2 protein chains.
Amino acid sequence: MSIERNPEHTRTRILEAAQEEIYENGYQGMRIEAILQKTQLAKGALYHYFPNKLALGYAVVDEILLEHVKENWAEFSSKYPNPLTAIQQLFLWKADLYKNEVCFKGCPLNNLNQEMASIDKGFHERLENIMESIYDSIVTSLEQGQQQGLVRQDINPGKIAMFIMASYQGIIGVAKCMQAPQLLTDLFGTLNDYIDTLRPSNR
Amino acid sequence: MSIERNPEHTRTRILEAAQEEIYENGYQGMRIEAILQKTQLAKGALYHYFPNKLALGYAVVDEILLEHVKENWAEFSSKYPNPLTAIQQLFLWKADLYKNEVCFKGCPLNNLNQEMASIDKGFHERLENIMESIYDSIVTSLEQGQQQGLVRQDINPGKIAMFIMASYQGIIGVAKCMQAPQLLTDLFGTLNDYIDTLRPSNR
DNA sequence: TTTTAAACCGACCAAATGGTCGGTCATCAT
DNA sequence: ATGATGACCGACCATTTGGTCGGTTTAAAA
């Protein structure tokens, strides 16, 4: 009996297994053997698609993490015309999402960043690009909000966008450390309170 | 000619070399061999003081990172009676400190947390304890500030303390990713602006 | 001075791990 | 049907790496 072959799907399966492994053990802790076990593939198959471990790691960032981030932001920014509301809603959704087990594992992007940014240039460049793309999205959407009178005129979109990103990362990180889902809700609540202060005062 | 022996000093040298290695490569990337090279010791010496790699990692957290944090906070909280000012000054000092090369490597505590908290229970417990101790310090100092009329009465010290911690961690993390010292100054500036809003409004 | 326990040495070991390579199997164009 | 090409297999290899252990040296106690 013949075994079906589906190159595209096989490659994706490897990538997803690698992402899971990295998420759980970090890139340095990710084991090729574990990916083979998860995918039930032989070593030759993996090395047919990726020349080495590093290339696989890069591919996970480029093809999984980056795409994931893009989709998320696209969804919320199109759903909520008010940029501040979009950000707040995204955070509320994240808070709920991370509330379960995910809370203990942290943010995939942040984890990888802390682990690899200062060790490997390739990882650093990729992760920096992702951050930049998130940053740009927030900035332009804040600027548009200012033009539409939805965001205070006296704030600096660049600085605020960066601060919001940093706080978000920090919140996930602290929650991971403390392993308390309630904390996550509180922290995102405080952050959303802060974001509320960026709205124009009602006159 | 005889070689001087100083057990205490030797142990400390190993710990410090290990801390550097972890700071640069993460715990999983730290190599025993590298520590031996840095300290010019033989393998037997290291394993005379520490039963294995994990115990060495734990010792670094307990004896280097924890102490470092304690000293820092003690210094600033005793120097500035106003807790909000103490926090702000600490951040300004950190911003300046990290401005150089350190900016690229991130916060030792945060790095280790992101890398190991979800992988190893022993690391997690230790890092959580450190976070808790920082948290407690900030909370009590905010509460005292409230009693002295230096901090707004309508804020929740617990939530605010946690938020400040999270933002701090996030700022270091983002700066590490973006590798821009100026960013660090901006972000800490924005955070300090936020902290200013916690002061009682002048009446 | 002798004894004793520690600090320290470094060759060696076993396991883990990333990676290779010759070969087999499925699939599809001709 | 048949050859060609890509997909996949899995035994094997080289290296790295944490860890061991018998032995040597220093320093202080007896």
Side-chain angles (χ1 to χ4, degrees), chain A residues 1-61 63 112 115-116 119-123, chain B residues 1-61 63 112 115-116 119-123:
Chain A
M1 93 191 159
S2 66
I3 297 160
E4 308 164 29
R5 283 189 177 177
N6 189 334
E8 287 289 316
H9 185 230
T10 302
R11 206 187 115 94
T12 305
R13 275 170 58 218
I14 295 173
L15 275 176
E16 283 171 354
Q19 142 69 8
E20 282 178 37
E21 270 295 302
I22 292 178
Y23 191 29
E24 278 176 29
N25 306 324
Y27 170 76
Q28 298 189 87
M30 156 186 126
R31 295 292 113 107
I32 301 289
E33 195 59 43
I35 297 173
L36 301 180
Q37 187 130 5
K38 267 188 183 166
T39 55
Q40 289 294 328
L41 286 168
K43 206 167 253 186
L46 192 149
Y47 280 93
H48 174 69
Y49 291 99
F50 304 95
N52 50 45
K53 186 183 172 182
L54 197 59
L56 176 56
Y58 289 171
V60 166
V61 180
E63 301 179 38
L112 206 47
E115 183 193 358
M116 299 303 298
I119 296 177
D120 181 88
K121 201 181 170 190
F123 269 110
Chain B
M1 87 192 164
S2 64
I3 296 160
E4 307 164 29
R5 283 188 178 179
N6 190 335
E8 286 289 316
H9 185 232
T10 302
R11 207 188 114 94
T12 304
R13 274 171 57 218
I14 296 173
L15 275 176
E16 282 171 353
Q19 142 70 6
E20 283 178 36
E21 270 294 303
I22 291 178
Y23 192 28
E24 279 177 27
N25 305 323
Y27 170 76
Q28 299 191 86
M30 155 186 127
R31 295 289 113 103
I32 301 290
E33 195 58 43
I35 298 173
L36 302 180
Q37 187 130 6
K38 267 188 182 165
T39 55
Q40 289 293 329
L41 287 167
K43 208 167 251 188
L46 191 149
Y47 280 92
H48 173 72
Y49 291 99
F50 303 95
N52 49 46
K53 186 184 172 182
L54 198 58
L56 175 57
Y58 289 171
V60 167
V61 180
E63 301 178 38
L112 208 47
E115 182 194 356
M116 299 303 297
I119 296 178
D120 181 88
K121 201 181 167 188
F123 270 111

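Lettering follows sequence order; numbering is per chain, from 1. The shown structure was predicted, so the numbers you read here are calculated from the model rather than taken from an experiment.
The side chain of Tyr49(A) lies closest to dA7(D) when the candidates are dG18(D), dC9(C), dA7(D). Distances from the side chain of Ala45(B) to the nucleotides dC8(C), dG19(D), dC8(D) place dC8(C) closest. For His48(A), taking side-chain heavy atoms from C-beta onward, the closest of the listed nucleotides dC9(D), dC9(C), dA7(D) is dA7(D).
The distance from atom CD of Glu8(B) to atom P of dA27(D) is 16 Å, rounded to the nearest whole Å. The nearest whole Å value for the distance from the CG atom in Asn6(A) to the P atom in dG6(D) is 17 Å. Taking atom CG of Leu36(A) as the reference point, atom C1' of dC9(D) lies 11 Å away to the nearest angstrom. In this structure, CZ of Phe50(B) is placed 12 Å from P of dC8(C), rounded to the nearest angstrom. Atom CD1 of Ile35(B) is separated from atom C1' of dG19(D) by 14 Å (rounded to the nearest Å). Whole-Å rounding puts the Ile14(B) CD1 to dA7(C) P distance at 11 Å.
A donor-acceptor pair under 3.5 Å is absent between the side-chain atoms of Tyr49(A) and the main chain of Leu56(A), judged by distance alone. For the pair Lys53(A) (side chain) and Met30(A) (backbone), a donor-acceptor distance under 3.5 Å is present. Remark: the backbone N or O of Gln28(A) is paired with a side-chain donor or acceptor of Glu115(A) at under 3.5 angstrom.
Smallest separation of non-hydrogen atoms from Tyr47(B) and Pro51(B): CD2-O, 3.5 Å.
Phosphate contact (OP1/OP2 of dA16(C), side-chain N/O of Arg31(A), threshold under 4.0 Å): absent. The side chain of Thr10(B) places no N or O atom within less than 4.0 Å of a non-bridging phosphate oxygen (OP1 or OP2) of dA7(C).
Between the side chain of Lys43(B) and the base of dG19(D) there is at least one donor-acceptor pair of N/O atoms closer than 3.5 Å.
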